[in-house]
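A quick write-up on the structure given underneath.
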Amino acid sequence: KDKRVVNFLKKKNFKVIEIGDYEKFELSEKFKIMLIKNDQIDSLSIFEAGDKTLINTNDCVLDEKKLIKIKEKTSFQQSDILFTQFSYASWIGNPNNSILRKEASKEKLDQIKSQIQIFKPKVTIPFASYIYFCHEENRYMNDEITNIQNVKDVIKENNSKPIFLYPGSCYEMNNNKNNFESDFLRYKEDFLNINSKKFIKTKKINFDDLKLNSENYLKKIKSKNGSL
């Protein structure tokens, strides 16, 4: 609404086209895109590539009511590929709050299940997020990262084919022989070896320097956004 992103892109000489909520935009005869707002800060995308329908829910939090509304307003009966989030990637509790992170992981699995049941994708590709918390001060949050075996099981149990893509892998929609089991096993090993990785350590900063930088940063924010 504030046009900051639009204005920034225009200054960089990009041609900008803003798409409205549920508006279908034709990029070519065989490729169309629809954006759907979710609350105030998120959106999901639906792509029509030839006769294929691809849905990218990214990290949108979608309850059953929202999913049904999307299905009814877009009128597609089945999708071909669903791209979705499967694990948390932000701060969830302090070290002693592992139960919160366990609940967050379960919520992601429940969301995948609901999305598959409503959108009925033939293939589901979990892609957000294959991260780990790499700083010594937040590494504790790796304790309840969603187990990708559980992700795979939930997808299969709900009659969709799970595909895990390692960086560099390529999925071909019309190739029924696609097999990415080796990618899945590589990720599985990566997650098992998280604790053996080298974690970042932050250099200590003098309090006066920290205070000065904080004050300058606040001035910068207020100059661009105003006071709340």
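With sequence neighbours excluded, the residues forming a ring pair (Phe, Tyr, Trp, His ring centres under 6.0 Å) with Phe31 are Phe47, listed by chain and number. Applying the ring pair (Phe, Tyr, Trp, His ring centres under 6.0 Å) test to Tyr140 and every residue at least two apart in sequence or in another chain returns nothing. By the side-chain hydrogen bond (donor to acceptor under 3.5 Å, both in side chains) test, Asn213 is found to be paired with no residue, residues two or more places apart in sequence or in another chain being considered. Residues that satisfy the ring pair (Phe, Tyr, Trp, His ring centres under 6.0 Å) test with Phe83, not counting sequence neighbours, are absent from this structure. With sequence neighbours excluded, no residue forms a side-chain hydrogen bond (donor to acceptor under 3.5 Å, both in side chains) with Asn56. Judged as a side-chain hydrogen bond (donor to acceptor under 3.5 Å, both in side chains), and not counting sequence neighbours, Asn150 has no contacts.
A donor-acceptor pair under 3.5 Å is formed between the side chain of Tyr88 and the backbone N or O of Met141. Thr84 places no side-chain N or O within 3.5 Å of a backbone atom of Ile112 that could act as its donor or acceptor partner. A distance-only check finds a donor-acceptor pair linking the side chain of Asn179 to the backbone of Glu181 [under 3.5 Å]. Checking side-chain atoms of Ser105 against main-chain N and O of Glu144 turns up a donor-acceptor pair under 3.5 Å.
Ile148 and Leu185 end up in the same hydrophobic cluster when Ile, Leu, Val, Met, Phe, Trp and Tyr side chains are linked at under 4.5 Å. Hydrophobic cluster membership is shared by Phe184 and Val151, with clusters built from Ile, Leu, Val, Met, Phe, Trp and Tyr side chains linked at under 4.5 angstrom. Linking Ile, Leu, Val, Met, Phe, Trp and Tyr residues whenever their side-chain heavy atoms come within less than 4.5 Å places Leu54 and Leu35 in a single cluster. A single hydrophobic cluster is seen to contain both Ile92 and Ile194, as judged by linkage of ILVMFWY side chains at heavy-atom distances under 4.5 Å, directly or through other members. Using a 4.5 Å cut-off between side-chain heavy atoms of Ile, Leu, Val, Met, Phe, Trp and Tyr, with links allowed through other members, Ile17 and Ile33 fall into the same hydrophobic cluster.
Counting only residues at least two apart or in different chains, side-chain hydrogen bond (donor to acceptor under 3.5 Å, both in side chains) contacts with residues 199-209 comprise His135-Thr202. Sorted by first and then second residue, the pairs that involve residues 99-121 and meet salt bridge (charged side-chain N to carboxylate O under 4.0 Å, His left out), not counting sequence neighbours, are Arg101-Asp143, Lys106-Asp110. Note on residues 15-38: pairs passing side-chain hydrogen bond (donor to acceptor under 3.5 Å, both in side chains), not counting sequence neighbours, are Lys3-Glu18, Lys24-Glu48, Asn38-Lys66. Sequence neighbours left out, not one pair with a member in residues 191-223 passes ring pair (Phe, Tyr, Trp, His ring centres under 6.0 Å).
When the shell of 6.0 Å around NZ of Lys52 is examined, it contains more than 12 heavy atoms from other residues, nucleotides or ligands. Residue Ile41 qualifies as open at atom CD1: its count of foreign heavy atoms under 6.0 Å is 12 or below. The local environment of NZ in Lys197 is crowded, with over 12 non-hydrogen atoms from other residues, nucleotides or ligands closer than 6.0 Å.
In this structure, Phe8 belongs to a hydrophobic cluster whose other members, linked by side-chain heavy atoms under 4.5 Å apart, are Val5, Val6, Leu9, Phe14, Val16. Here Leu212 sits alone; no ILVMFWY side chain lies under 4.5 Å from its own, so it joins no hydrophobic cluster.
Closest non-hydrogen pair, Leu44 versus Ile70, comes out as CD2-CD1, 3.5 Å. Contact record, Lys71 with Ile118: NZ-O, 2.8 Å, taken as the closest heavy-atom pair. Minimum heavy-atom separation, Phe86 to Thr146: O-OG1, 2.9 Å. Residue Pro121 comes nearest to Ser160 through the heavy atom pair O-OG, 2.9 Å, listed as atom of the first residue, atom of the second, then distance. Closest approach of Leu109 and Val154 over heavy atoms only: O-CG1, 3.9 Å. Ile116 and Ile155 make their closest contact through CD1-CA, 3.8 Å (heavy atoms, listed as atom of the first residue, atom of the second, distance).
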Stepwise side-chain contact (heavy atoms from CB on, under 4.5 Å) check, Gln117 with Leu67: CA-CA 10 Å; Gln117 289 178 343; Leu67 291 169; over 6 Å; no
From CA spacing to verdict: side-chain contact (heavy atoms from CB on, under 4.5 Å), Gln111, Val61: CA-CA 8 Å; Gln111 287 172 21; Val61 178; 4.0 Å; yes
Chi angles and distances behind the side-chain contact (heavy atoms from CB on, under 4.5 Å) call for Asn94, Trp91: CA-CA 8 Å; Asn94 293 320; Trp91 177 81; 3.7 Å; yes
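Residues Tyr166 and Asp190 have side chains that bring a donor and an acceptor to within less than 3.5 angstrom of each other. Inspection of the Ser79 and Thr53 side chains reveals no N or O donor paired with an N or O acceptor under 3.5 Å.
Aromatic ring pairs are classed by plane angle as parallel below 30°, tilted from 30° to 60° and perpendicular above 60°; the pair Phe164 and Tyr130 is perpendicular.
For the pair Gln115/Thr57, a side-chain contact is recorded, criterion being any heavy-atom separation below 4.5 Å from C-beta on.
Applying the side chain to side chain contact (heavy atoms under 4.5 Å, CB included) test between Phe119 and each of Leu82, Ile46, Ile81, Thr74 identifies Leu82 as the sole match.
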